There are 2 protein chains.
Amino acid sequence: MTSLYRKIAAELRDQISRGALRPGDKLPTEPQLVDSYSVSRNTVRLAVALLVNEGLIVIVPGRNGGMVVRDRVTLTYHASRVEQVDGLVAETDAYMTEVQQQGREPTQTFHLTIEALPAELAERLDVADASSAVVRCCLRFVNGEPTSTQDTYYPKWLADEVPELMSPSDIPQGTTRLLAEKGYPQPAYRDELLTRMPTPDEVRRLELPAGTPIMEYHRTGYLPDGRPIRVTRIVFRGDANRVVYTLGDPTVFMNRESAE
Amino acid sequence: MTSLYRKIAAELRDQISRGALRPGDKLPTEPQLVDSYSVSRNTVRLAVALLVNEGLIVIVPGRNGGMVVRDRVTLTYHASRVEQVDGLVAETDAYMTEVQQQGREPTQTFHLTIEALPAELAERLDVADASSAVVRCCLRFVNGEPTSTQDTYYPKWLADEVPELMSPSDIPQGTTRLLAEKGYPQPAYRDELLTRMPTPDEVRRLELPAGTPIMEYHRTGYLPDGRPIRVTRIVFRGDANRVVYTLGDPTVFMNRESAE
DNA sequence: GACTATTTGTACGTATGTATC
DNA sequence: GGATACATACGTACAAATAGT
């Protein structure tokens, strides 16, 4: 015996998944739903709230507003391609290039701060004291819409040795390459991926509609002796990004491309 | 000019993030909140609904129920360790072993079906027609709680060549190893990771509380000539799993371990 | 098992505010 | 300003779930 509002939500959900309502289409208005189901407005709103929190629709108020079926545009982040130190690819450049290849217009803002290391990240950087760290932040837009934030933390000792890290502007050749040239190569990484609902702060910065989870991505870079020298955290809009790794024998993928 | 229920939610959220309310603690009951904020019950419920959808609390009805601050237990899935074909690790075994090393009790149910390939996956398997495929499904539990589902799809032509794939029971040595022995090695993979809110079906199967996103993981395995021979899809509970890759020179991590 | 107390869930109604065209 | 659509907030009543007597 499911409740009324759940049944209504189920019907609307069905129409969306069947394709009777396609992305961009509008659901009936609240009064129309009240009418056609003969329920109170509150009940309609309960049903609609479910769909919102499932990420199926967004609601825009106002005269020509309404409840609109969401679309899912996916941008691909090739984690195993960025930052080939021995190759010639710089981090941010790689990202920008990749987005362009996917036919979109990437932009980014950038700034640098010095702040205490968040506890979760301190562990990854092997700094016992909650010592300060240099952070290079950027907020990335695709077609003018914010889609991810990226923060990279370097331990203070490293910033002392490589003062260029403190440059308040973007580093054209890429920090990974810069560090390699200064004698701090990163021959190995550890990536972690997790998902969760966004904090209110993330909702604001990424302009997230309700019902949009985020994907949090950490990359820790290590020196040859195993010491970690930086942690990068990217927060992706979940409805607009996916992360891809290609692993194993690279010639296989060359065979694959030539076959196409 | 934020609304009343958002202010209330913000205060409660603060108490959680500050640690005044710790995981397992109960929020005040609805009547208590109605009282202390002097608002209607509906307003309290709106505030609470926000926290639920942010994944911060779960609500249990009944006499000794209440609104409880959620905890986040994280299980690690080492994507770059499973399925070392040349090594000695079988897929499911690897998973089970890993969970055990993390001090928990893994179990799994298993079944096999033959069904049409979902459209998104058909593309990855390079099968133009929506031809049937063999699916090996399993639902995985940790400490008795469902934490992920795994479905692996094989194209029909492969199942014809390797009839063992149709075995309705678990394959002890692991299908990857089995296939390699039969002349179908997988020297390369492509992994895709994305996040979204769960479908009602996933909510049921994984017993997900509201506000829990899921992480969807695809691994496509390729033959040396580039032909794909299987797609595995894992759906992880987002609040209980993270995926880890170690990339690059493996000796670096050996240095790291010896240093500890 | 019956009964009760507590806590959340569902559903109704009404009124007014805010956003957008 | 006026019209339309959703947002917030109040109130009420009864149902369902759970735990203890």
Side-chain angles (χ1 to χ4, degrees), chain A residues 1-13 16 21 24-70 200 203-204 207-212, chain B residues 1-13 21 24-70 200 203-204 207-211:
Chain A
M1 206 51 271
T2 67
S3 51
L4 208 35
Y5 77 96
R6 285 180 193 278
K7 283 183 200 160
I8 297 174
E11 284 199 28
L12 295 171
R13 193 188 293 114
I16 293 172
L21 287 168
D25 286 356
K26 280 182 191 172
L27 270 61
T29 66
E30 287 183 0
Q32 284 169 348
L33 290 171
V34 164
D35 227 43
S36 60
Y37 286 101
S38 303
V39 295
S40 74
R41 188 168 163 232
N42 276 343
T43 303
V44 166
R45 286 183 63 78
L46 280 178
V48 164
L50 283 184
L51 303 184
V52 168
N53 290 318
E54 287 167 18
L56 294 179
I57 64 175
V58 283
I59 301 187
V60 265
R63 170 73 185 245
N64 280 10
M67 310 189 273
V68 183
V69 180
R70 284 178 71 168
V203 168
R204 201 172 32 74
E207 296 169 19
L208 299 174
T212 310
Chain B
M1 205 50 262
T2 65
S3 51
L4 207 35
Y5 77 96
R6 286 180 191 281
K7 282 183 200 158
I8 297 173
E11 283 197 30
L12 294 171
R13 193 187 295 114
L21 287 168
D25 287 357
K26 280 183 191 170
L27 271 60
T29 66
E30 287 184 2
Q32 285 169 347
L33 290 170
V34 165
D35 228 43
S36 60
Y37 287 101
S38 303
V39 294
S40 73
R41 184 168 166 230
N42 276 342
T43 302
V44 165
R45 285 183 64 79
L46 280 177
V48 164
L50 283 184
L51 303 184
V52 169
N53 289 318
E54 288 167 18
L56 294 179
I57 64 176
V58 283
I59 301 188
V60 267
R63 171 75 184 248
N64 280 10
M67 310 187 274
V68 184
V69 180
R70 283 178 71 169
V203 167
R204 200 173 31 75
E207 295 170 20
L208 298 174

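Letters A, B, ... are given to chains in the order of the sequence lines, protein chains preceding strands, and every chain is numbered from 1. Everything numeric in this text was worked out from a predicted model, so none of it was measured.
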Short N/O separations, protein against nucleotides 17-21 of chain C, under 3.5 angstrom:
residue: C:dT20; atom: O2; partner: A:Arg63; partner atom: N; Å: 3.0

Provide, to the nearest angstrom, the distance between the [atom1] atom belonging to [X] and the [atom2] atom belonging to [N].
| X | N | atom1 | atom2 | result |
| --- | --- | --- | --- | --- |
| A:Gln32 | D:dA5 | CD | C1' | 11 Å |
| B:Ile59 | C:dT6 | CD1 | C1' | 15 Å |
| A:Lys7 | C:dA11 | NZ | P | 8 Å |
| B:Leu46 | D:dC6 | CG | P | 17 Å |
| B:Leu50 | D:dA7 | CG | P | 12 Å |
| A:Leu4 | D:dA15 | CG | P | 15 Å |
| A:Leu33 | D:dA5 | CG | P | 12 Å |
| A:Tyr5 | D:dA16 | OH | C1' | 12 Å |

> Which pair of heavy atoms, one from A:Ala210 and one from A:Arg70, lies closest together, and at what distance?
Replying inline: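 Closest approach of A:Ala210 to A:Arg70, heavy atoms only: O-NH1, 3.3 Å.
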>> Quick check: closest heavy atoms across B:Val68 and B:Gly24, and the distance to 0.1 Å?
In response: CG1-O, 3.5 Å
So [Y] and [X], do their side chains get closer than 4.5 Å, heavy atoms only?
| X | Y | answer |
| --- | --- | --- |
| B:Val69 | B:Leu27 | yes |
| A:Val44 | A:Tyr37 | no |
| B:Leu21 | B:Met67 | no |
| A:Ile57 | A:Ile16 | yes |

> Tell me, which pairs form a salt bridge (Lys or Arg N to Asp or Glu O under 4.0 Å) where one or both residues lie in residues 51-65 of chain B, sequence neighbours left out?
Replying inline: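 Output for this query lists B:Arg13-B:Glu54.
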> Listed by chain and number, what are the salt bridge (charged side-chain N to carboxylate O under 4.0 Å, His left out) partners of A:Arg41, not counting sequence neighbours?
Replying inline: A:Glu30
> If you measure from CG on A:Leu12 to CG on A:Leu33, what distance do you get to the nearest 0.5 Å?
Replying inline: 6.0 Å
> Roughly how far, to the nearest 0.5 Å, is CG of B:Leu46 from CZ of A:Arg45?
Replying inline: 8.0 Å
> Looking at residues 36-45 of chain B, who's got a heavy atom less than 4.0 Å off DNA chain C?
Replying inline: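 Correct list: B:Arg41, B:Arg45.
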> If you write DNA chain D from 5' to 3' in dot-bracket form, with Watson-Crick or G-U pairs under 3.5 Å, [ ] for crossing pairs and | for pairs with another strand, what do you get?
Replying inline: .||||||||||||||||||||
> Got a sec, which residues hit side-chain hydrogen bond (donor to acceptor under 3.5 Å, both in side chains) with B:Ser40, two or more places apart in sequence or on another chain?
Replying inline: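 Counting only residues at least two positions away or on another chain, B:Ser40 forms a side-chain hydrogen bond (donor to acceptor under 3.5 Å, both in side chains) with B:Thr43.
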> Across the strands shown, which category fits A:Gly66 at heavy-atom distances under 4.0 angstrom: base, sugar-phosphate, nothing?
Replying inline: sugar-phosphate
